[in-house]
Amino acid sequence: MCRGRMHQQTRFIPSSLLVFANSIMRVLSYMSFVVACYSLLLNHCHCLNLELLNVSKIKNEDAQWQNAAATWYGPPNGGGTDGGACGYGAAVENPPLSKMISAGGPSLFRGGRGCGACYEVKCRENGACSGNPVRVMISDECPGCNLQSLHFDLSGTAFGSMATPNNADNLRNAGQITIQYTRVACSFGKSMAFAIDGGSNPYYFATEIEYENGNGDLVDIELKQANSNTWLPMFRSQGSRWALNVGKLLQAPFSIKLTEDYGNNRNKTIVADTVIPYDWKPGQVYRSLINF
């Protein structure tokens, strides 16, 4: 009888009281959640540390820079030399290069493959260094440059450009310093220049290829004659100069196919269609309507 009465009393608890109890439980649960979140915000071990993120970013950026030796040659405010091994001639003095060039030691010049490669360089070890990067292009060879595994023999202008304002001469007086460098993509606009070598003739064609964009190495050049579907491989005769000698009369206009190697089996090929006109002449410069 007692068990029956107890069962009967439990069954008649007012529903409003149950609703109130459930509401109290929900409020208590929410308050516990808020307290837990606030505790996490106060605990530095669980907070987002923006300072650490900034340090990580700096470390990643620094990892892109490597050490190299740097010297300079030519006039203090000059462009090194206009007789560089890449064959660019007096073009190094004028825009877009504007004397911001460098000769490269063997591991930069690489038998001419390094011609036209662009780098950013900066220095910190000397009191005259600004620490700000400047951009240079490889335009010459420095066979004896082996102070480190990578050696830039910069033009006087480029070397002085790494200095703080009014300290270019002070930095050049150091003569030899350690710099940081990184390879970057060249950006010269929407066309390339094809400077016809002075020794070219109707049976032998050679051209220096200048101002190609991108951060790949120019590794393959082919020429197609007028009224032909055959691409003839050219060979690197020196630096940025590529030549073709088939032993018979060449039929202009010429189209030029160029391939850059970006490493890891990644190549890019473009075609400068009929870039060399029918009446081409040695010593002339012709520009394409395309670039990498």
Could you give the distance from CD (Gln148) to CD1 (Ile179), rounded to the nearest 0.5 Å? 9.0 Å
Where Tyr211 and Ala193 come nearest, the two heavy atoms and their spacing: CD1-CB, 3.8 Å
Between Ile290 and Ala272 the two heavy atoms that sit nearest each other are CG2-CA, 4.0 Å
Do Arg183 and Tyr119 form a cation-pi contact, if we require the NZ or CZ to be under 6.0 Å from the six-membered ring centre and within 45 degrees of the ring's axis? yes
Does the side chain of Cys123 come within less than 4.5 Å of Leu171's, by heavy atoms? yes
Considering residues, nucleotides and ligands other than Phe235, do more than 12 of their heavy atoms fall under 6.0 Å from its CZ? yes
Evaluate Ile177 against Arg172 for side chain to side chain contact (heavy atoms under 4.5 Å, CB included), listing each step before the verdict. CA-CA 9 Å; Ile177 59 174; Arg172 281 189 287 262; over 6 Å; no
Here the pair of heavy atoms bringing Phe205 nearest to Leu223 is CD2-CD1, 3.6 Å
Assess whether side chain to side chain contact (heavy atoms under 4.5 Å, CB included) is satisfied between Tyr73 and Cys145, documenting all intermediate values. CA-CA 12 Å; Tyr73 74 119; Cys145 289; over 6 Å; no
How many angstroms lie between CG in Leu97 and OG in Ser155, if you round to the nearest 0.5 Å? 10.0 Å
Give a yes or no on whether Leu147 and Ile138 share a hydrophobic cluster (residues Ile, Leu, Val, Met, Phe, Trp, Tyr; joining criterion: side-chain heavy atoms under 4.5 Å apart). no
Heavy atoms only: give me the nearest Phe109-Cys86 pair and the separation to one decimal. CE1-SG, 3.8 Å
Does anything in residues 245-259 pair up under side chain to side chain donor-acceptor pair (under 3.5 Å), and if so which pairs, sequence neighbours excluded? Ser255-Asp273, Thr259-Thr269
Could you check whether Arg110 pairs with Asp217 (Lys NZ or Arg NE/NH1/NH2 to Asp/Glu carboxylate O, under 4.0 Å)? yes
Distance from Thr207 atom OG1 to Trp280 atom CH2, nearest 0.5 Å? 10.0 Å
Looking at side-chain heavy atoms only, is the closest gap between Asn267 and Tyr262 below 4.5 Å? no
Measure the shortest side-chain to side-chain distance between Gln180 and Val121 over non-hydrogen atoms and say whether it is less than 4.5 angstrom. no
Would you say Tyr181 ends up clustered with Trp72 if hydrophobic residues are merged whenever their side chains have heavy atoms under 4.5 Å apart, either directly or through other cluster members? yes
Please say whether more than 12 non-hydrogen atoms of neighbouring residues, nucleotides or ligands are located less than 6.0 Å from CG in Asn166. no
Provide the closest heavy-atom pair for Thr178 versus Glu125 in the form atom of the first, atom of the second, distance. N-OE2, 3.2 Å
Are the side chains of Pro133 and Arg135 in contact, using a 4.5 Å heavy-atom criterion? no
Which atom pair, heavy atoms only, marks the closest approach of Leu258 to Ile256? CD1-O, 3.7 Å
Please step through side chain to side chain contact (heavy atoms under 4.5 Å, CB included) for the pair Tyr203 and Leu250, ending with a clear verdict. CA-CA 6 Å; Tyr203 298 87; Leu250 296 170; 6.0 Å; no
If you measure from the Lys or Arg side-chain nitrogens to the Asp or Glu carboxylate oxygens, is any gap between Glu208 and Arg241 under 4.0 Å? yes
Can you list the steps and then say if Val246 with Leu244 is a side chain to side chain contact (heavy atoms under 4.5 Å, CB included)? CA-CA 6 Å; Val246 295; Leu244 176 65; 3.6 Å; yes
Looking only at atom types and distance, does a side-chain atom of Ser228 sit under 3.5 Å from a main-chain N or O of Gln225, one as donor and one as acceptor? no
Give a yes or no on whether the backbone of Gln64 and the side-chain of Thr182 come within a donor-acceptor separation of less than 3.5 Å. yes
